[in-house]
Each structure stands twice: as C-alpha cells, then as structure tokens.
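Structure first, then comments.
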There are 2 protein chains.
Amino acid sequence: MIHDREQKYDGTVPAAVTVDLVIFTIRDAALHVLLIRRGKPPFEGEFTLPGGFVRVGENLDEAALRELEEETGVDGRTLHLEQLRTFGDSGRDPRCRTYTVAYLALGPDLPIPVAGTDAREAHWVPVSTALSPTVLHAFDHAEILKEGLDRARAKLEYTTVAAAFCREPFTLADLRHVYEVTWGFPLDPSNFRRKVTKAVDFVRATGEFRSLEVGRPAALYRRGQAENLFPPMTRADHNS
Amino acid sequence: MIHDREQKYDGTVPAAVTVDLVIFTIRDAALHVLLIRRGKPPFEGEFTLPGGFVRVGENLDEAALRELEEETGVDGRTLHLEQLRTFGDSGRDPRCRTYTVAYLALGPDLPIPVAGTDAREAHWVPVSTALSPTVLHAFDHAEILKEGLDRARAKLEYTTVAAAFCREPFTLADLRHVYEVTWGFPLDPSNFRRKVTKAVDFVRATGEFRSLEVGRPAALYRRGQAENLFPPMTRADHNS
DNA sequence: CATGTTTAGGTCATTGTGACCATAGCTATC
DNA sequence: GATAGCTATGGTCACAATGACCTAAACATG
C-alpha cells in the first residue's frame, strides 16, 4: 500500500508506539489528573502519566480506551476522549525509538482507581501539584500534562466538553464549577446561566430538581447534542 | 527510561512511522492543496499527500519540515506548521504496522513545486477537486485532508493563522480573501476591517500603500504578535 | 417565623455585530 | 480634463450579547 513513495524502510529503524493519557476529573472543587506512582524501587515514588504500548491489531483509540479502563476501571465510552498530540523526539528512550500518542480524557468524578499492584498505584493528584516540577519526572510527561491542560481550558470556551465532567443529571452550578475549577477564576452565576441556557442545545432541562442540604432546589439537566458552543464562553479578561 | 511500565516489548511489533502533510495555499482565488501524483505505473496517476518516513535522529517536526521543503522547495520556517493528528489503524499497511503523523501547513502562494522526477510530481490541486472521492485513493489520505480542512477553517475563527496565508506586506483585502476562500462565503469588507483592526495585534499597519491596476490604493500591513484572535471571527450563520 | 443559603430570573449601561450607506482615491476611457 | 468605474476606507443605526448588578423564590435550620 505504500506504493508511491521513494523511501522504503531504508534510513528508518523500527519504532515502538505507546499511548499516554491525561485524564482529568474534578474532585473536592479542584481539577485532578490521574497519575501512576511506582511503589517499589527502582524509581520508587516517581509519577508518570498512565499509558502503555499499543498492541497488535489495536487502533490508537482502542489502545487509549483500554488503558483508560485498566487504570480507572471505568467504561471509557462514557468519557470524552480525544487525541492531543504525538511526541516523538529521538532520544526519548535509548533502547528503541519510541513515539507516544498523547490522549486527553475528561470525565465526571471517577471511582477511586483500581487498587494498584504493589508495583504501581493509580492516584488522583491535584493538577496544581502535578505541575510542580518535582512531581513528574518521566520523559516529557510534564509537557504533555501542560498541553492537555491548555487544550482542556481552550475547549471549554468554544465546545460543550465541560458537560463531560458532569455526571448526569447535573445542575447548572455543577457545570459552572467545571469552568471555575478548570479556569481558576469565578464566573457570575446569573450570566453563566443565561449563556448556557441560550446556547443551542448545550444542556436540556429534565424537569426534575435536586435538593441539597441547603438552599433552593436546583433544576437538573442532561447534555444536549451540540458539540460546539455558540456563542462561546469567553475568558478573555483572565487570559494568562 | 521506560522504567515504570509493566509491559515491555511483549505484545508489540516494530512499527514504521511516517509524516504526511496537508499543505494549503491560496491560488487563483481558491484554496489549493499540494498533492503528489505518480507519473509511472504501477498506480500511475494516483494522488497522495506528500510525506515520508521519519529518519533516525529526526524529530517529528523536523521530518515534517524536511518533507515540506523537499516537496515545495520553500523554507518551511516561514510557514505555519502544526500537528494535526496521528493515524494508526492496524491494517493500513499489510507489510508492517505503520503510523502516520499528519501535519497541517499553511503558506502564502508558494512557488511551483519542484519539478518532479519521472516517478512523482507535485501539483497544486483545488481542494474542491481533491475532496472528490475519485482523486485521493491512498490509505486514509482523504480523511486526513478533510480533517486538515476542518482544522484550518476552525482556526481562522479564533486564531490569527489567516495571516500565514499572506505574503508580507499584505492588504486587508488579501486577508479577507483568505477567509472567504477558506470558508466559502463572502464577508462584508467594512465589518471585516473593523474587526481586524480592533483585534489586539492581529495586524500592524506599515504606513505604506499598494496601488493595484484599479481602485483606491490599499494600506499595507504586517502580521502582529497575537496568536489568538479576540474577539474571534464568527462564521456561525454559515456553519455547515 | 426569622435567617441563611442557593437557585432563578430581571435590569441596565456598554460593547460587539450585521446590514447598510457615503466618501476617498486611484485607473481607464471618452 | 471631465467622467465613469472600481476598490478602500470610514460612518450610521438597529439589534444582540455582555458584564455588573439586584431581587425574588424555595429550601433548611434554629
């Protein structure tokens, strides 16, 4: 099938391909990322992004889904999953040329990750902690995490992925918290409500309500069909 | 360096990695994409996206730049180049598992591609032609092209990449033509001018003018420093 | 029943937008 | 040299969207 290329395999070496995942969720009013911590020497205590090799006969998306389910024990089809970028600097691994296809996954407060074997444990780590230069050592994982965070923040503006963080049914306050926690600054509840409900098919009212311990009951919503958000949610004044 | 993964190379096969480029430019008031046509049998006359294998010790971006320069004879550093997505379906190539990292390149009306050898020729093909199902046969190249087009169209909205299509210095009409040709519908010249000049550092006036054969001379501009466009250019009413 | 808390919804001045219109400044032609 | 034709530039105006507020509704608690 590679029929009209001059190059064949000359000049290339076999390469190994992995997928790495940046899995975000919201816990305790903070954005968290799933990291894998090695429990035994060598490299005890070091964190990496979850990931692994793509297997024979497996698509990239399938590999990402499999890793996602292995690490979180959750059905990946209920999450938002998209490709971030492929990192392939020569020199990432001395033994073999390796590429990693980075994925971004967004989901509602996920179950505690499956109990780790004694060799590796999955942990939800606050993103602010994970970004600290002392936490992520491996490869270019810090860079991947930063890019995933930038992508997630940007996509909240002009797409409806924010709803992927919310378990259905959800309140508008739940949805607003997604924006506030991801962007790091508060939004006006009233103006937020106006934008979300006026946007075309971002959310759909269920007609039901949720009574928390305090305050007026909140109307419950489900995700709409729209993928793009128009008009977009702006964060221009707080752009960093 | 792959130190905290359970999997080693078990269950994986060596893979070959290529880069493929979607190179857009504007010629004769239409969006064109660079395609490679095979001049000799077998597969004579078939078109593919330009691309090739990543070489030893070469970054992905470097490989994309090299292919870009090989096919167009242009200094790739003057173009906008960004990664699109990695395509890696098993079964793309029966001989060996192959992945292709697709890149999107945007540039001003580029020189006629380098004269092809008798085996392969580079051609500027109108995108409307290239999207026709009879043109692109190889692999998933039609899908890659479509995704590149979608990405380019979307990025015109909220980034300043449109200016990458314009050779400096350019007029606001030049810039507007980029939007019109890429999006496929006309924009009001007056409102376009207002948005572009009010946006923060999208373009900078040079103080000079260009006299075409007809009409009032147009002020000349250069690209500003801004990467994101605020407020964004909207195309909501024409969304397809 | 008063108070606190959260949701729901309204007001209003300001800004951005889309659809126009008018003028400026050039070339080509009569 | 006047005029027509053309494009660039700038302005108007009604309307929509936005941000900063404010008020009321609907619950729980003491």
Side-chain angles (χ1 to χ4, degrees), chain A residues 29 156-158 166 169-181 183 185-222 226 228-239, chain B residues 29 156-158 166 169-181 183 185-222 226 228-239:
Chain A
L156 290 194
E157 285 190 87
Y158 53 92
C166 298
F170 52 85
T171 70
L172 294 188
D174 293 337
L175 190 61
R176 182 164 48 83
H177 288 322
V178 171
Y179 281 90
E180 294 179 330
V181 160
W183 284 350
F185 52 85
L187 299 178
D188 182 279
S190 181
N191 294 336
F192 181 82
R193 159 182 312 275
R194 181 177 57 197
K195 290 210 68 161
V196 169
T197 52
K198 278 196 173 181
V200 284
D201 208 18
F202 186 4
V203 297
R204 290 175 181 172
T206 64
E208 303 189 335
F209 297 85
R210 176 191 296 166
S211 274
L212 280 315
E213 65 286 348
V214 65
R216 175 176 173 175
L220 290 170
Y221 294 82
R222 294 186 176 275
N228 294 314
L229 183 55
F230 189 85
M233 200 73 65
T234 76
R235 53 159 180 164
D237 42 353
H238 296 85
N239 267 343
Chain B
L156 290 194
E157 285 190 89
Y158 53 91
C166 299
F170 53 86
T171 70
L172 294 188
D174 294 337
L175 190 62
R176 181 164 48 84
H177 288 322
V178 171
Y179 281 90
E180 294 179 330
V181 161
W183 284 351
F185 53 83
L187 299 178
D188 182 278
S190 181
N191 294 336
F192 181 82
R193 158 183 312 278
R194 182 177 57 196
K195 290 210 67 161
V196 169
T197 53
K198 277 196 175 182
V200 283
D201 208 18
F202 186 4
V203 296
R204 291 175 181 174
T206 65
E208 303 189 336
F209 296 86
R210 175 191 297 166
S211 274
L212 280 314
E213 65 287 346
V214 66
R216 176 176 172 175
L220 290 171
Y221 294 82
R222 294 184 176 278
N228 294 314
L229 184 55
F230 188 85
M233 200 73 65
T234 75
R235 54 161 181 162
D237 42 353
H238 296 85
N239 267 344

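Keep in mind that this is a model prediction, so the values were computed, not measured. Order of the sequence lines fixes the chain letters, A, B, ..., with proteins taken first and strands second; residue numbering starts at 1 for each chain. No hydrogens, no waters, no symmetry mates; every other heavy atom, side chains included, goes into these values.
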Inset, instruction - Please state how far atom CG in B:Leu175 lies from atom C1' in D:dA8, giving the value in whole angstrom units. - result: 15 Å
Legend entry - Distance in angstrom units between A:Leu172 CG and C:dG9 C1', rounded: 12 Å
Legend entry - Separation of C:dT17 C1' from B:Lys198 NZ (nearest whole Å): 10 Å
Legend entry - D:dG19 phosphate, OP1 or OP2, under 4.0 Å from A:Thr234 side-chain N/O: yes
Legend entry - Criterion side-chain contact (heavy atoms from CB on, under 4.5 Å) on B:Leu175 and B:Phe202, from CA distance to verdict: CA-CA 11 Å; B:Leu175 190 62; B:Phe202 186 4; 3.9 Å; yes
Inset, instruction - Could you please spell out the steps behind the side-chain contact (heavy atoms from CB on, under 4.5 Å) verdict for B:Phe185 and B:Arg235? - result: CA-CA 9 Å; B:Phe185 53 83; B:Arg235 54 161 181 162; 3.7 Å; yes
Legend entry - DNA chain C: 5'-proximal contact among B:Pro232 and A:Arg193 (nearest heavy atom): A:Arg193
Inset, instruction - Assess whether side-chain contact (heavy atoms from CB on, under 4.5 Å) is satisfied between B:Leu187 and B:Lys195, documenting all intermediate values. - result: CA-CA 11 Å; B:Leu187 299 178; B:Lys195 290 210 67 161; over 6 Å; no
Legend entry - Phosphate contact (D:dT18 OP1 or OP2) by A:Lys195 side-chain N/O below 4.0 Å: yes
Inset, instruction - Determine, stepwise, if the pair B:Glu157 / B:Trp183 fulfils side-chain contact (heavy atoms from CB on, under 4.5 Å). - result: CA-CA 10 Å; B:Glu157 285 190 89; B:Trp183 284 351; 3.5 Å; yes
Legend entry - B:Arg216 side chain near D:dT9 phosphate (N/O to OP1/OP2, under 4.0 Å): no
Inset, instruction - Let me know, please, whether A:Pro217 or A:Asn191 comes out on the 5' side of the other along DNA chain C by nearest nucleotide. - result: A:Pro217
Legend entry - Rounded interatomic separation in angstrom, taking CZ from B:Phe230 and C1' from D:dA17: 12 Å
Inset, instruction - Pick base, sugar-phosphate or nothing for A:Ser190, based on heavy-atom distances below 4.0 Å to the nucleic acid. - result: base
Legend entry - Value in whole Å for how far the C1' atom of C:dC20 lies from CZ of B:Arg194: 11 Å
Inset, instruction - Rounded off to whole Å, could you give me the CG-to-P distance for the A:Asp188 and C:dC12 pair? - result: 17 Å
Inset, instruction - Provide, to the nearest angstrom, the distance between the CG atom belonging to B:Asp174 and the P atom belonging to D:dT9. - result: 11 Å
Inset, instruction - Report the distance from atom CZ of A:Phe192 to atom P of D:dC21, rounded to the nearest whole Å. - result: 20 Å
Legend entry - Non-hydrogen atoms of B:Ala29 and B:Val181 that approach each other most closely: O-CG2, 3.5 Å
